[in-house]
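In what follows, a structure is listed as structure tokens, so that the remarks can point back to it.
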Amino acid sequence: NNMESIKFKKDSASGAIHATINGLQYKPYTVGNLPSTFGFIYNADKDQDGIRNWFNYKGLTYVPV
């Protein structure tokens, strides 16, 4: 089996729940609050990379921090 383990941790100061997979930290977003770099791989006009990794879990989209 090639599934990776997801560890969730609640930030005591902000109350936000973050996820960690293999040492990479992910931040949760609702669909209406996704970062502007979500949804494209590369923007040549701005020479900007988009978000390439994410996962969905319990109604939230987790993207790398």
Side-chain angles (χ1 to χ4, degrees):
N1 194 351
N2 209 11
M3 297 211 35
E4 298 176 12
S5 174
I6 302 171
K7 296 178 183 171
F8 293 95
K9 183 178 178 185
K10 185 173 184 176
D11 185 316
S12 58
S14 68
I17 296 174
H18 293 272
T20 305
I21 302 174
N22 291 340
L24 184 59
Q25 196 171 39
Y26 289 78
K27 181 178 176 182
Y29 291 92
T30 58
V31 172
N33 292 321
L34 286 168
S36 61
T37 54
F38 188 84
F40 68 87
I41 295 173
Y42 179 74
N43 183 340
D45 294 335
K46 294 183 180 180
D47 191 29
Q48 180 182 34
D49 287 325
I51 295 173
R52 296 173 186 236
N53 306 351
W54 72 86
F55 68 93
N56 295 317
Y57 183 72
K58 292 191 176 185
L60 295 173
T61 301
Y62 287 79
V63 298
V65 175

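All values below were derived from every heavy atom in this structure, side-chain atoms included, with hydrogens, water molecules and symmetry-related copies excluded. Residues: numbered from 1 along the sequence shown.
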Nearest heavy-atom neighbours spanning Pro28 and Leu60: CB-CD1, 3.8 Å

Ser14: partners by side-chain hydrogen bond (donor to acceptor under 3.5 Å, both in side chains), with sequence neighbours left out: none

Matching residue for Arg52 among Thr37, Val63, Ile41 - test: side-chain contact (heavy atoms from CB on, under 4.5 Å): Ile41

Positive for side chain to side chain donor-acceptor pair (under 3.5 Å) with Thr61, one of Asn56, Asn33, Thr30: Asn56

Closest contact, heavy atoms only, His18 versus Gln25: CB-NE2, 3.9 Å

Among Tyr29, Trp54, Tyr57, side-chain contact (heavy atoms from CB on, under 4.5 Å) partner for Tyr62: Tyr57

From Asp47 atom CG to Tyr42 atom OH, the distance as rounded to the nearest 0.5 Å: 3.5 Å

Nearest atoms (heavy-atom pairs only) where Pro64 meets Tyr26: N-CD2, 3.4 Å

Under the side-chain hydrogen bond (donor to acceptor under 3.5 Å, both in side chains) test, residues paired with Asp45 that sit two or more places apart: none

